[in-house]
Amino acid sequence: MKDVLKQLLREALARCYESGSLVSGEIPVDILVEVPANPGHGDFATNVAMILAKKEKAPPRKVAEVIIRELTGKEEIFSRVEIAGPGFVNFFLTAECWARVLDEIIEQQKCFGWQDFGAGKRVQVEFVSANPTGPLHIGHGRGAATGDALAALLAACGYEVQREYYINDAGNQMQTLGRSILLRCRQLLGEAVTFPGDCYQGEYIRDLARQALAEKGEQLLHHPEEEAVRILTDFGGSRILAGITTDLADFGVRFDNWYSERTLWERGEIQKGLDYLREKGFAYEKDEALWFASTRFGDDKDRVMLRSNGMTTYFASDVAYHKEKFERGFDLVIDIWGADHHGYIPRMKAAVAALGHDREALQVILVQLVNLLRGGVPAAMSTRSGEFVTLREVMDEVGTDACRYYFLSRHSDSKLDFDLELAKEQSADNPVYYIQYAHARICSIQRKAAEEGIGLPARGTIDFSVLDLPEELTLTKFLAQFPEVVAAAGRAFEPHRLTAYLQELATQFHAYYNRHRVVGEDAKTTSARLYLVNCIQTVIANALSLLGISAPERM
RNA sequence: GCGCCAGUAGCUCAGCUGGAUAGAGCAACGGACUUCUAAUCCGUAGGUCGCAGGUUCGAGUCCUGCCUGGCGUGCCA
């Protein structure tokens, strides 16, 4: 709807310039049309007149007058257009105009709100990417919910989206995993070994040790230590990864691709990455190490890729990995990282630039840490003591819907207090149920209608004039905003905007429900209200689907 | 020290990339079920948008400087 108005404004301006009623000859690229906070200011308002006032050397209200003269009379969609305040132009649309929105929703169903500005572009969203050295914890859950919702959102904006999980299965933390399991194996067999502090402390290591012994037998320990560690690294890594996969699947997250760091090595990609930067002259040797000249691309210091001891750094893998990502043809690459890695953004962007890509083609979304509480009291997690709260535990306790909603209800880059007691409370305190309840209630209305032999009204059979309650008009207008919310959220990479919208939509519906009956008035009214309510249901379901939250038919 | 992020109602947070009178949800108090689901609704309250300047028709939003908190700042991952 906004876009329609913008287009009309552009056309009107063009006519003004043609006729000479306006002289600056410029059509502002970014005409702002928005829904005013105050309904008295119209359904939409624009600031063009104020923007043009300076160039026209005329008072904004004067400019507005000229534009309006060119706009009205040619279009049937306005019931009123007025100038207000310092020079805003306020538009009031006709009721028929809004009725058309409902038809659109019924027609488009599951696609209502979907955008096409991403069409033809391929985007990859890489998220979670936790090392397979232990189970996912609550913080990974937030990253998972955010990445998954963002991917769904971008898909709804027309992008071709791939969800990817990068497996750090090549670093020395994997060695540590193998070593940790080996030591636990020895302990299980009665050997008195001290378990070092830099090994993984969690109870799951003991479980893995037990499984390894059961599967491979005690002869495992007869291998040379290095060999035993290698075997146990593989064993533990694949077990843990399988667990991660299951946890994520139960959390409603599926990846299109699991990308192993090890395969980067096996295919020589790491070396290729280093060579590439060397050939381009972006890498140099100093102090027996190989450095990437990231300062030439805006970083504040150069970064080591190949250490003097011959080992590569984590960053070297990342350069190769991102080089390969772009070689796979993505127009946009989105990485979702824990906020504690924010210091890596400049060097990663520098690498992307050095690799010959637009630095904006890499977007890093930061996800802040989750502060876990139980009844207001911190439920501390510490990897060192091994007493962390896993995603699995939280999911099992509070349910995936509530869990995902909590994660997605705030900007990802702001810290989140996650209170287990609040999250699992099935009450008004819990917004996710409030929203789902609105959906379930509508389903209930439809069941009631069906009992009375009233089916869902078809498009074109409705007399919209009976939808004349203020609540009905407000609801319709709010539904019309959904496509813009999707677009704005998609452009900003901010799925949390959808939760705010859902909250408001549910509030409006519940209020309407409590004041008015859908089924029970005369046939014409019942039919029209059913139609409206179907639209609300569709929009709630669509928004929830983007967030990966279910839309239950009864509760 | 430098860098990034944050600071908005008692608490947790929105605020549509600069718009008109800054909004929700909790928490508090008082009301509403003979009804399509009370997991609901209706009413009452709360503010120096961290502080000080600046940019302009207009600033919670942009710029500068301070204050406070978190994180980062390795030839660690």
Side-chain angles (χ1 to χ4, degrees), chain A residues 2 30 32 34-38 40-41 45-47 50-51 53-54 59-60 84-88 90 131 133 168 171-174 176 286-291 300-301 303-315 317 338-346 366 368-369 376 409-411 413-417 419 422 425-438 440-449 451-452 481 484-485 487-489 491-492 494 496-497 499-501 503-504 506-507 509-520 526 529-530 533 554-555:
Chain A
K2 276 186 194 173
D30 208 24
L32 184 66
E34 59 175 12
V35 179
N38 182 343
H41 294 143
T46 182
N47 62 348
M50 286 181 285
I51 290 175
K54 189 169 263 180
F88 288 102
N90 295 340
N131 299 338
T133 55
N168 281 135
N172 56 27
Q173 75 278 22
M174 290 303 289
T176 305
K286 191 183 93 181
D287 301 336
E288 295 177 352
L290 181 70
W291 297 70
D300 52 10
K301 56 179 290 194
R303 308 293 173 176
V304 169
M305 295 186 292
L306 191 56
R307 294 192 270 160
S308 54
N309 66 3
M311 307 279 279
T312 55
T313 59
Y314 180 86
F315 181 60
S317 293
D340 53 340
H341 289 84
H342 71 260
Y344 280 74
I345 297 175
L366 296 177
Q368 283 284 356
L369 300 182
S409 61
R410 288 182 188 70
H411 187 109
D413 196 11
S414 79
K415 277 167 288 177
L416 175 69
D417 284 338
D419 195 308
L422 268 179
E425 200 168 324
Q426 304 200 354
S427 73
D429 295 0
N430 203 333
V432 66
Y433 297 117
Y434 181 83
I435 293 161
Q436 289 182 321
Y437 187 50
R441 265 186 157 172
I442 294 173
C443 293
S444 174
I445 293 171
Q446 291 164 344
R447 283 192 294 270
K448 170 77 176 175
E451 274 170 32
E452 306 200 357
Q481 283 184 45
E484 287 140 27
V485 173
R491 288 206 162 90
E494 290 179 355
H496 78 276
R497 294 187 191 200
T499 59
Y501 176 84
Q503 173 76 38
E504 170 67 17
T507 298
F509 167 73
H510 284 308
Y512 175 62
Y513 177 94
N514 271 279
R515 280 177 85 95
H516 309 286
R517 283 193 63 86
V518 173
V519 180
T526 295
R529 289 184 179 176
L530 264 178
V533 146
R554 50 183 94 226
M555 289 172 74

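Proteins get letters first, then strands, A, B, ... in listed order; numbering begins at 1 in each.
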Suppose you measure atom C1' in B/rG18 against the same atom in B/rC63; what distance do you get, rounded to whole Å?
13 Å
Please identify which of these residues, A/V519, A/V518, A/I445, meets the side chain to side chain contact (heavy atoms under 4.5 Å, CB included) condition with A/R529.
A/V518
Using Watson-Crick and G-U wobble pairs whose two distances are both under 3.5 Å, how do you write the pairing of RNA chain B as dot-bracket, with | for links to another strand?
(((((((..((((.....[...)))).(((((.......))))).....(((((..]....))))))))))))....
Checking B/rA39, B/rC5, B/rG15 against the side chain of A/M555 (C-beta onward), the nearest is B/rA39
Under 4.0 angstrom, heavy atoms only, what part of the nucleic acid is A/A53 near: base, sugar-phosphate, or nothing?
nothing
Could you state the CZ-P distance from A/R517 to B/rC41, rounded to the nearest angstrom?
18 Å
Using the P atom as the point on both nucleotides, what is the distance between B/rG53 and B/rC49, in whole Å?
13 Å
Qualifying residues under ring-ring contact (aromatic ring centres under 6.0 Å, His included), relative to A/H510, sequence neighbours excluded:
A/Y434, A/Y437
What's A/A289 touching, base or sugar-phosphate or nothing? Going by heavy atoms closer than 4.0 Å.
base
State whether A/R447 and A/E451 are salt-bridged, where the test is any N-O pair (Lys NZ or Arg NE/NH1/NH2 against Asp/Glu carboxylate O) under 4.0 Å.
no
Looking at A/Y433, I'd like to know whether one of its side-chain N or O atoms comes within less than 4.0 Å of OP1 or OP2 on B/rA39.
no
Looking across every strand, which nucleic acid part, if any, lies under 4.0 Å from A/A45 by heavy atom: base, sugar-phosphate, or nothing?
base
Remember a base hit wins even if backbone is also touched, and classify A/A449 as base, sugar-phosphate or nothing at under 4.0 Å, heavy atoms.
nothing
For A/H411, report the nucleic acid contact type (base, sugar-phosphate, nothing); a contact means any heavy atom under 4.0 Å.
sugar-phosphate
What's the gap between B/rC66 and B/rA14 when it is taken at their C1' atoms, as a whole Å value?
28 Å
Within the structure shown, what part of the strands sits under 4.0 Å from A/R497 by heavy-atom distance: base, sugar-phosphate, or nothing?
sugar-phosphate
Testing B/rG72, B/rC75, B/rU12 for proximity to the side chain of A/D340, the answer is B/rG72
So A/H510, base contact, sugar-phosphate only, or nothing? Heavy-atom distance under 4.0 Å.
sugar-phosphate
Any residue meeting salt bridge (Lys or Arg N to Asp or Glu O under 4.0 Å) with A/R303, in chain and number order, not counting sequence neighbours
A/D299, A/D300
Whether A/R303 contacts B/rG74 is assessed here as follows: a side-chain N or O lying under 4.0 Å from the phosphate OP1 or OP2. Is that the case?
no
What is the distance from CG of A/L530 to C1' of B/rC36, rounded to the nearest Å?
9 Å
When you check the phosphate oxygens OP1 and OP2 of B/rA38, does a side-chain N or O of A/Y513 lie under 4.0 Å from one of them?
yes
Base of B/rA20, side chain of A/N90 - is there a donor-acceptor contact under 3.5 Å?
yes
Output the single nucleotide from B/rU12, B/rC36, B/rG19 whose closest atom is nearest the side chain of A/P86.
B/rG19
